[in-house]
Amino acid sequence: MKIGYPCVNESLDCTSTSTFRLASYSDERLELTVRNNLRCLLRILEFNVAQGMLFFRIGSGIVPFGSHPVNTFPWQTHFAAEFREVGDYIKAHNMRVSFHPDQFVVLNSPDAGIVERSIAELVYQGSMLDLMGLDSTHKLQIHVGGLYGDRELAITRFIDTYRRLPAAVTARLVIENDDRLFSLQDCLRVHAAVDIPILFDNFHHECLNHGEPMAEALQLAASTWHPERDGTMMMDYSSQAVGERKGKHTSSLIEELFREFLTHLQGVNPDIMLEIKDKEISARRAVAILHELGLASPAPQSLPI
DNA sequence: ACTCGTCAAGCCGAA
DNA sequence: TTCGGCTTGACGAGT
């Protein structure tokens, strides 16, 4: 099992998702920003390896306006060596990475323009994994999308659109159960139609479910991943922030709840993304717990600092 | 130098 | 009808 956290490292003095306003776009500025973002990404990965955190969600903003028509800079070829360097580092240290395209990627929208832009964004993010030389075990994670007042139609539209996606996207695309609209059961129906893996979110499942116990839900989600093609199951982990709005992530890892969650794995072997506000601080604590329980993968080269 | 409204993109649902 | 929230800040105009 690998532990990770999303997008932002709060310990380092750099960011891998630096961007700028569309109005101030220039090729020069794009070139500079991408260069700095990739350099920082490598630093974050090095930090993570030193702490035993081998899973990381790369922010969508590595290449600002990566799928926007304003950006005609040939960043794929211009930064081929830098992307390759990052990918080589990931492979050399047995790391796993993912992307989570933001809420504007809606494959089941009835608006053809939204679908078109969504696909372009998925192609952009998938192409970064290609440039890194990473295989289809590194994933692009999205939600099913909107309801539009008709769940059946919404699911059907997702399936129809999925079947039209380029192979470079479908090889890596996974769907995540969400906390309000599309449950694990809904995702399983999409999976049954097109064989897409389900990225399980324990907290969302607590917010929206059909009574499946956690252990059963984990088994169901795990069964949608083909080890050869997809690698081991990915999941997002969080818990409710005490005293806050329902669905709000906790600000730091609550160890008792995390340990309790681990008892439901029962043979399931997920890589776990901690969606917790304090990022690498909690991730480090989770790594220590896995080491203590003998669940960390691979065996630590050195104990966490 | 610092603040703070706003930033490419969508959707739901509470207020 | 507006607005907060969502995986996540930080750009940059105005002072």
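Excluded from the calculations below are hydrogen atoms, water molecules and symmetry mates; all remaining heavy atoms, backbone and side chain alike, are included. First the proteins, then the strands, lettered A, B, ... as listed; each starts at 1.
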Side-chain H-bond candidate by donor/acceptor type, Ser67(A) with Glu121(A), under 3.5 Å | yes
On a whole-Å scale, what distance lies between the [atom1] atoms belonging to [N] and [M]?
N	M	atom1	result
dA13(C)	dA8(B)	P	12 Å
dT7(C)	dC3(C)	P	22 Å
dA10(C)	dC11(B)	P	27 Å
dC6(C)	dC7(B)	C1'	16 Å
dG4(C)	dT6(B)	C1'	15 Å
dT8(C)	dC2(B)	C1'	24 Å
dG12(C)	dA9(B)	P	16 Å

Is the distance from OP1 or OP2 of dA10(C) to the nearest side-chain N or O of Ser18(A) less than 4.0 Å?
-> no
Centroid-to-centroid, His143(A) to His100(A), below 6.0 Å?
-> yes
Please confirm whether Tyr237(A) and Phe203(A) have ring centers closer than 6.0 angstrom.
-> no
Tell me the interatomic distance from [X], atom [atom1], to [N], atom [atom2], rounded to whole angstroms.
X	N	atom1	atom2	value
His100(A)	dG9(C)	NE2	P	14 Å
Leu199(A)	dT7(C)	CG	C1'	12 Å
Asp13(A)	dG9(C)	CG	P	16 Å
Leu41(A)	dT8(C)	CG	C1'	15 Å
Ile142(A)	dT8(C)	CD1	C1'	18 Å
Gln141(A)	dC6(C)	CD	C1'	13 Å

How far does [atom1] of [X] sit from [atom2] of [Y], to the nearest 0.5 angstrom?
X	Y	atom1	atom2	result
Thr250(A)	Asp278(A)	OG1	CG	8.5 Å
Leu32(A)	Phe20(A)	CG	CZ	9.5 Å
Ile175(A)	Ile198(A)	CD1	CD1	5.0 Å

Would you mind classifying the nucleic acid contact of Ser24(A) as base, sugar-phosphate or nothing, using non-hydrogen atoms under 4.0 angstrom?
-> sugar-phosphate
Once base and sugar-phosphate atoms are separated, protein heavy atoms under 4.0 Å mark nucleotides 8-15 of chain B, 5' to 3', with B, S and - as BBBSBS--
Sequence-distant partners of Phe182(A), ring pair (Phe, Tyr, Trp, His ring centres under 6.0 Å), two or more places apart = none
Distance under 6.0 Å and angle within 45° of the ring axis: does Arg157(A) meet both against Tyr148(A)?
-> yes
Residue met sooner reading DNA chain C from 5', once Gly247(A) and Lys277(A) are mapped to nucleotides = Gly247(A)
Give me the ring orientation class for Tyr124(A) and Trp75(A): parallel if the planes are under 30° apart, tilted from 30 to 60°, perpendicular past 60°.
-> perpendicular
Indicate the ring-plane relationship of Phe65(A) and His68(A), choosing parallel, tilted or perpendicular according to the 30° and 60° boundaries.
-> perpendicular
Range-with-range stems for DNA chain C, at least three Watson-Crick or G-U pairs under 3.5 Å | B:1-7 with C:9-15, B:10-15 with C:1-6
Which listed nucleotide (dC11(C), dG12(C), dT7(C)) is nearest to the side chain of His143(A)?
-> dT7(C)
